[in-house]
> 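Can you keep this structure in mind? I'll have questions shortly.
Proteins come first, then strands; the chains are lettered A, B, ... in the order of their sequence lines, and each starts at number 1.
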There are 2 protein chains.
Amino acid sequence: MPKEARPGTGEQAKQHALAQLRQAILHGEMAPAQRLVENELAEQFGVTRASIRAALIDLEAQGLVERIRNRGSRVRVVSVEEAVAITECRMVLEGLCAAKAAVVASDEQLAELTDLGTAMQKAVSGGEPVTYSELNHELHARIREFSGQLTAVELLERLNAQLVRHRFQLALRPGRPQQSLNEHLAMIEAIRARDPQAAESAVRAHLTSVIDALRD
Amino acid sequence: MPKEARPGTGEQAKQHALAQLRQAILHGEMAPAQRLVENELAEQFGVTRASIRAALIDLEAQGLVERIRNRGSRVRVVSVEEAVAITECRMVLEGLCAAKAAVVASDEQLAELTDLGTAMQKAVSGGEPVTYSELNHELHARIREFSGQLTAVELLERLNAQLVRHRFQLALRPGRPQQSLNEHLAMIEAIRARDPQAAESAVRAHLTSVIDALRD
DNA sequence: GCGAACAAAATTGTTGACAATGTTGTGGGC
DNA sequence: GCCCACAACATTGTCAACAATTTTGTTCGC
């Protein structure tokens, strides 16, 4: 975690508060459905209420907090149902990105994906679910990045931010890494083969399986 | 255009300013890339700068305006390239909605789609491109609505708001309604047949054709 | 003991003023 | 004549105080 708030350094206060608060929510330091009182946050981060307000409006637009007129803000809780709906959107959008990546990625980028694949394989056989989860996240991020589809990337990052809590829960489930590993390898293989349709199918198959897992 | 600002009615000022400003941008009353000075807007809408600021932050998150630190806000201009990227995202998301709608829509809702289809047919043969464009918009909206996929609907409305300018341009192109009509009818038919895969394919075919048209 | 009107506290919404930052126009030095 | 420093201006960012709203606790009547 970064230092403390720096009220006088010229660093834009709202930006600072926004980043801090966002990280706090994403790292789970704020309990789900916890009330976010503007005064408390302002004192906690060493900025004024106006900056906190601006940050909260921003976070509301990102779907991370809920704000009700004259009633305050709370960190938004994502039900399993919503998580499924969000993952369905991820499914089609990441499918689009994978298809584009299969066409436009450079050879160096494909090599990077291959390396990620072997690293993931190693993490699974070594029994390191946390490392695997991080690599998993990075693989998806790279595919998005390589697609060059800025609009889709933006939407996906918004959606992913809302799923942090559910992601953790999923990664630690026994047996889950083994299944998802194969799906990930299939995705990589399809992109390496520069086959957009296969890439899209592989991504969708993977996220369909994630949805099934989400539903318990 | 609605009446004038109502500073004292108890209607939340920020909400009012937000709605007004949003409509103004969407209706093209603000020239593309026009500078949006907080003071001017505040006076124009009869609210204070703080409310305008909040509205601008909101609109930035919706992709309708651009804000640069200490430099002000402008209405965002969407290049053709961006419009294509946005429409690609629409393509997959509306595909998802159509597939879900084909499964979960009620018989009454299917009948409504059928009615919309015949109305569109009539508008085209009658040579009324504006009516057709409105029906077009409504058809897409209804399919989204019937899908029950709230997350996707939210994303799509955001994306569509960014395309107003391009949509107008497209609707008035000669010959375009005739082509798009057939695609729309195919979409309706596939949903009526309760065939999710066919519905998704039809939607994607339609929006692929829209993308081609966008590219001139 | 229970419910409704009422008062008090907590919290958000709004306002106007002030500070910080970026932009533009102007004059001196070369 | 051209370039750079500098000052005046415009605009956004921040702040503290005030108003409006909702929630909570209390008292009165039944």
> Using whole Å, report how far CG of Asn39(B) lies from P of dT15(C).
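Answer to the nearest Å: 13 Å.
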> Any idea which of dT12(C), dG13(C), dG13(D) is nearest the Arg49(B) side chain?
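Nucleotide nearest to Arg49(B)'s side chain: dG13(D).
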> So for atom CD, which belongs to Glu154(B), do other residues, nucleotides or ligands contribute more than 12 heavy atoms lying within a distance under 6.0 Å?
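No, because the 6.0 Å sphere around CD of Glu154(B) holds 12 heavy atoms or fewer from other groups.
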> With a 4.0 Å limit, can you tell me whether Arg71(A) has a side-chain N or O closer than that to the phosphate oxygens OP1/OP2 of dT12(C)?
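It does not, given that no N or O in the side chain of Arg71(A) lies less than 4.0 Å from OP1 or OP2 of dT12(C).
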> Between C1' on dT12(C) and CD on Glu40(A), what's the gap in Å once rounded to a whole number?
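Value for this atom pair: 13 Å.
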> For Arg173(B) and Ser180(B), does a side-chain donor sit closer than 3.5 Å to a side-chain acceptor?
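No pair is found: no donor N or O on one side chain lies under 3.5 Å from an acceptor on the other.
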> Consider the side chain of Val37(B), meaning its heavy atoms from C-beta on, and name the nucleotide among dT11(D), dT14(D), dT15(C) that approaches it most closely.
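Among dT11(D), dT14(D), dT15(C), the one nearest the side chain of Val37(B) is dT11(D).
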> Using heavy-atom distances to pick each residue's nearest nucleotide on DNA chain D, tell me which of Asn70(A) and Thr48(A) is more 5'.
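Final value for this comparison: Thr48(A).
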> Does any donor atom in the side chain of Gln162(A) or Arg76(A) lie under 3.5 Å from an acceptor atom in the other side chain?
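Yes, because at least one side-chain N or O of Gln162(A) sits under 3.5 Å from a partner of the opposite role on Arg76(A).
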> Between Gln179(A) and Glu183(A), does any side-chain donor sit less than 3.5 Å from a side-chain acceptor?
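Distance-only check passes for Gln179(A) and Glu183(A).
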> Separation of Glu38(A) atom CD from dA10(C) atom C1', in whole Å?
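Distance check: Glu38(A) CD to dA10(C) C1' gives 12 Å.
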> What integer distance in Å separates Gln15(A):CD from dA20(C):C1'?
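After rounding, the reported distance stands at 15 Å.
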> Examine the side chains of Arg22(B) and Gln62(B) and answer whether a donor and an acceptor come within less than 3.5 Å of each other.
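The criterion, which ignores hydrogens and geometry beyond distance, is satisfied for Gln62(B) and Arg22(B).
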> Please determine, for the side chain of Arg35(B), which listed nucleotide (dT23(D), dT12(C), dT11(D)) has the closest atom?
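It is dT11(D).
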> Quickly work out the Arg67(B) CZ to dG22(C) P distance and round it to whole Å.
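About 15 Å, once rounded to whole Å.
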> According to the Watson-Crick and G-U wobble definition with distances under 3.5 Å, which dot-bracket string, read 5' to 3', encodes DNA chain C, using [ ] for crossing pairs and | for pairs with another strand?
||||||||||||||||||||||||||||||
> Let's go through Ser147(A) and Val104(A) carefully: what are the C-alpha distance in whole Å and the side-chain angles of both, what is the deciding distance for side-chain contact (heavy atoms from CB on, under 4.5 Å) to 0.1 Å, and is it a yes or a no?
CA-CA 7 Å; Ser147(A) 74; Val104(A) 305; 5.6 Å; no
> Got a sec? Which of residues 51-62 of chain B come in under 4.0 Å of DNA chain D, heavy atoms?
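Arg53(B), in order of number.
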> Between the main-chain N or O of Leu181(B) and the side-chain N or O of Tyr132(B), is there a donor-acceptor pair closer than 3.5 Å?
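Yes: the side chain of Tyr132(B) pairs with the backbone of Leu181(B).
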> Rounding to a whole Å, what distance do you find between Leu41(A):CG and dT12(C):C1'?
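From Leu41(A) CG to dT12(C) C1': 13 Å.
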> If you pin Leu36(B) and Ala50(A) to their nearest nucleotides in DNA chain D, which one's is more 5'?
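The residue whose closest nucleotide sits nearer the 5' end is Leu36(B).
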> Under 3.5 Å, side chain of Thr87(B) to main-chain N/O of Arg90(B), donor-acceptor pair present?
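Checking the backbone N and O of Arg90(B) against the side chain of Thr87(B), no donor-acceptor pair under 3.5 Å is found.
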> Can you check whether Leu26(A)'s main-chain N or O pairs, donor with acceptor, with Arg165(A)'s side chain at less than 3.5 Å?
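Side chain of Arg165(A) to backbone of Leu26(A), a donor-acceptor pair under 3.5 Å: no, none is there.
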> Measure CD1/Ile68(B) against P/dG22(C) and give the value in whole Å, please.
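Taking atom P of dG22(C) as the reference, CD1 of Ile68(B) is at 12 Å.
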> From CG of Leu18(B) over to C1' of dT14(C), roughly how many Å is that when rounded to an integer?
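From Leu18(B) CG to dT14(C) C1': 16 Å.
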